[in-house]
Amino acid sequence: MDETDFEAGDEGAHGAGAPISAGATAVESLLAGLNPSQAEAVQHGEGPLLVLAGAGSGKTRVLTHRIAYLLATGMARPSETLAITFTNKAAGEMKERVGALTGAAARVMWVMTFHSACARILRQHADRLAYKRGFTIYDEADSRRMVKRCMDELEIDPKRFPPRSIKAQISGAKNRLRDAETVREEQGSFFEATVADVYQLYERRMHEANAMDFDDLLVRTVNLFELFADLRERYAHNFRHVLVDEYQDTNRVQYRLLQLLTGEHGNLFVVGDESQSIYGFRAADIRNILDFDRDFPEAATVKLEQNYRSTGTILDAANGLIAHNRDRLDKNLWTDAGRGEPVTIAELSDEHEEARWVAGEIDRLVDEHGIGRDDVAVFYRTNAQSRVLEDTLVRFDVPYQVIGGTKFYERAEIRDAIAYLSVLANPDDTVSLARIINSPRRGIGSTSEGRILGWANTTGVSPLEAIADADAVPGLGAAAKKAVARFSELIASLAERAGRRGSVAELLEAVLSESGYIEALEAERTIEAEGRIENLQELVGMAGEFDANRELEGDGELAPLEEFLEQISLINEQDALTDDATKVTLMTLHNAKGLEYKAVFVIGCEDGVFPHSRSIDEGSLEEERRLCYVGLTRAREFLSLTYARRRSLFGSQGAGIPSRFLGEIPDHLVQRHSAVPATTGWGSSGTFGGLGGTYGGAGPGTLNETAGAGAALELTVGDDVVHASFGEGVVTAVEPGNVVVVRFRGGGDRKLMADYAPIQKAS
């Protein structure tokens, strides 16, 4: 934005480009259709206002109408309005909606993200901070590379202190407005002291490169306003009204920026919901919204409590849950849309039965209620939970999509692990070899890799043979030869283990351990790395299930490792067959915010899974409860929560304790389903072990074994079945424990555990 943009924008806004007059008709049309609370917020006068907007209460409508109201009444000109959102998509949608209300005036307004607004300001005034106007904005990858350069310069071992981890610590410090010296003073460990050293050099090298990272855009703008009063006054004068969406997600640096912009006139209009503050791990500070009236003593508060999304029963369930949080502001969602269906809480034997029940319920909702699959969502706490669900949906021919992440078998860490196994099963697999040769990083760069593969092609040996004889490869340096030799020894050791035709799970554990893959992820010390470790543990668990099934079935034609890899490839092929159909949506609860569906399933509601064990250990249960609240309030008509009596997750199996959150939902709102026999004590009336609320099994309103709703697969002799790997067959015997013998069309009888095998009745 040029120095004259403010003035030019003002002239254009009051000329032919501004269709809204200050007449009563324009104002009346803006207020028409708003409920009393929405209208009160839109018509607020001068001074700070907190709009406490419950889920589904029309907050975007209030924001856009507020902007139009400011213009229509003459309270502000278009260029005097700054509207802040958190994503470019949200900013684009808001600008489009404001444009529909105000016409060409919307083009003059600043409707954008925090980062975009700060970048625009810094382009004008970066010279005040000794940057050149054409500074480069580094993305996350560029920033990590700069961190790595600084670590090399300081001779810090990247294996002991991964650059990704150091960068995450620096980012966290900037989001709290902590410079390198402050971090050094606060440090309590050698790791933190190392972070401070890198941070200090990183800042110097970034400035020398005339570059800023994303965090710098915010921090440098704060620096600009704190150091230069004339600039702060100028922007505070020009932005007479500042409006912020999703205020509960702001961090300390964003809060400070808003203070500096609005400290003089106080016209700060924020919209948020503390009950949906779920990004503490990204440095969001819930105190910003909880303490708004303390920080801005003149502030007024308007509550938007009428919900336009969910049924009364779903809202009452969400209200009952969130009432258990202490750090909250008083509000109570309500609707005049009717009570709707009860909330279903389903108790299943294990994660496989849980997935079958969900798949069956989806089919029932589609068939009986006419709900499109694209209006059904399944939420889970961690990405690793999607694996069993994805496998089951494939078998049930239910098309799906994964939002905010990739499908389980397409995740980078899963593909890396499978690539290791593929090389052990097929030494000539050059694609898989190229994927793992430097993963985790072991000092074999792309140049060395190219020379090895080129030498293999020239001499006619396999790539692994070339690696085993690295001394013969022309052009390899001494360091590269040592790294290649260590890799060759690793593969040879793992290949010897694979040749024993033993447990695939044990082989996979050895691969992940001996390759250093898990160790490298652990060294990152990030939430993302923890999630990748959980996914790999889930793959080990899947391999354990494969081993158990194979033990029952007996040896097949293929070696165990080859059969395991074939089973995975078949799942992926089946995934690709349903890409053109409407799809069920799968995602983590964190990615669900801002979305809504007619039917929502929240799976894995057990203590340690959800709430996550980390939150229990760290004392952050209230944020976990807010995350559950977000999940519940995504549902419009149908809401189901499931938990398993036992669950194999992250490679280990344990007994499932019902999530304390289930006990916090008022019992009269719930309809219960239990597939666990009453003799176990799980299906009979009982409590959540003192966690609050009762959990009954059979009784009034209980679903019990609803036909087609995903009960355990029951087969009898003569049933036609389909197996994901072996194709069509017929049941020839049924044994205790739901073990069946199936004669497949391709030949041979196989003994299968019906509860675990990828099998279903043929239609």
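Numbering of residues begins at 1 and proceeds along the displayed sequence.
The distance from the CG atom of Leu586 to the CG atom of Asn591 is 11.5 Å, given to the nearest 0.5 Å. To the nearest 0.5 Å, atom OG1 of residue Thr221 and atom CG of residue Leu261 are 9.0 Å apart. One distance of note links CG of Asn251 with CG of Asn175; it measures 4.5 Å at 0.5 Å rounding. One distance of note links NE2 of His115 with CZ of Arg120; it measures 15.5 Å at 0.5 Å rounding. Here CZ of Phe114 is found 6.5 Å from CG of Leu257. Values are rounded to the nearest 0.5 Å.
In this structure, Phe281 has its ring center closer than 6.0 angstrom to the ring center of His590.
Paired with Glu274 under the rule side chain to side chain donor-acceptor pair (under 3.5 Å), one option of Lys331, Gln248, Arg626, Arg287 passes, and it is Lys331.
When all heavy atoms are compared, the tightest approach of Ala470 to Leu476 is O-CD1, 3.8 Å. Of all heavy-atom pairs spanning Lys174 and Tyr202, the tightest one is NZ-CE2, 3.7 Å. Looking at every heavy atom in both residues, Leu290 comes nearest to Asp293 through O-OD1, 4.0 Å.
Within the 4.5 Å cutoff, no side-chain heavy atoms of Val484 are placed close to those of Lys481. Residues Leu260 and Glu226 have side chains in contact (heavy-atom distance under 4.5 Å, counting atoms from C-beta outward). Counting only heavy atoms from C-beta outward, the side chains of Pro158 and Lys148 approach each other to under 4.5 Å. Residues Arg328 and Tyr629 fail the side-chain proximity criterion, which asks for heavy atoms closer than 4.5 Å.
If you check the side chains of Thr194 and Asp197, you find no donor sitting under 3.5 Å from an acceptor. Side-chain atoms of Arg381 and Ser659 form no donor-acceptor pair, as typed in the model, at a separation below 3.5 Å. Between Asn535 and Arg532, the side chains place no donor N or O within less than 3.5 Å of an acceptor N or O (distance only, hydrogens not considered).
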Anything under 3.5 Å between a donor and an acceptor, one on a side chain of residues 435-442, the other on a protein residue two or more places apart or in another chain? List them.
residue, atom, partner, partner atom, Å
Arg435, NE, Asp416, OD1, 2.6
Arg435, NH2, Ala412, O, 3.4
Arg435, NH2, Asp416, OD1, 3.4
Asn438, OD1, Arg442, N, 2.8
Asn438, OD1, Gly443, N, 3.2
Asn438, OD1, Ile444, N, 3.1
Asn438, ND2, Ile444, O, 3.3
Ser439, OG, Asp416, OD2, 3.3
Arg442, NH1, Ile436, O, 2.7
Arg442, NH1, Ile437, O, 3.0
Arg442, NH2, Tyr420, OH, 3.0

- prompt: Could you walk me through whether Asp295 and Tyr255 pass the side chain to side chain donor-acceptor pair (under 3.5 Å) check?
  reply: CA-CA 10 Å; Asp295 297 334; Tyr255 170 82; 2.9 Å; yes
task: Would you sort out whether Glu185 and Thr182 count as a side chain to side chain donor-acceptor pair (under 3.5 Å), showing the intermediate values?
output: CA-CA 5 Å; Glu185 292 169 4; Thr182 305; 5.1 Å; no
- request: Assess whether salt bridge (charged side-chain N to carboxylate O under 4.0 Å, His left out) is satisfied between Arg625 and Glu664, documenting all intermediate values.
  value: CA-CA 10 Å; Arg625 189 175 284 109; Glu664 294 170 357; 2.8 Å; yes
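A cation-pi arrangement, defined by a distance under 6.0 Å to the six-membered ring centre and an angle within 45 degrees of its axis, is present between Arg123 and Phe135.
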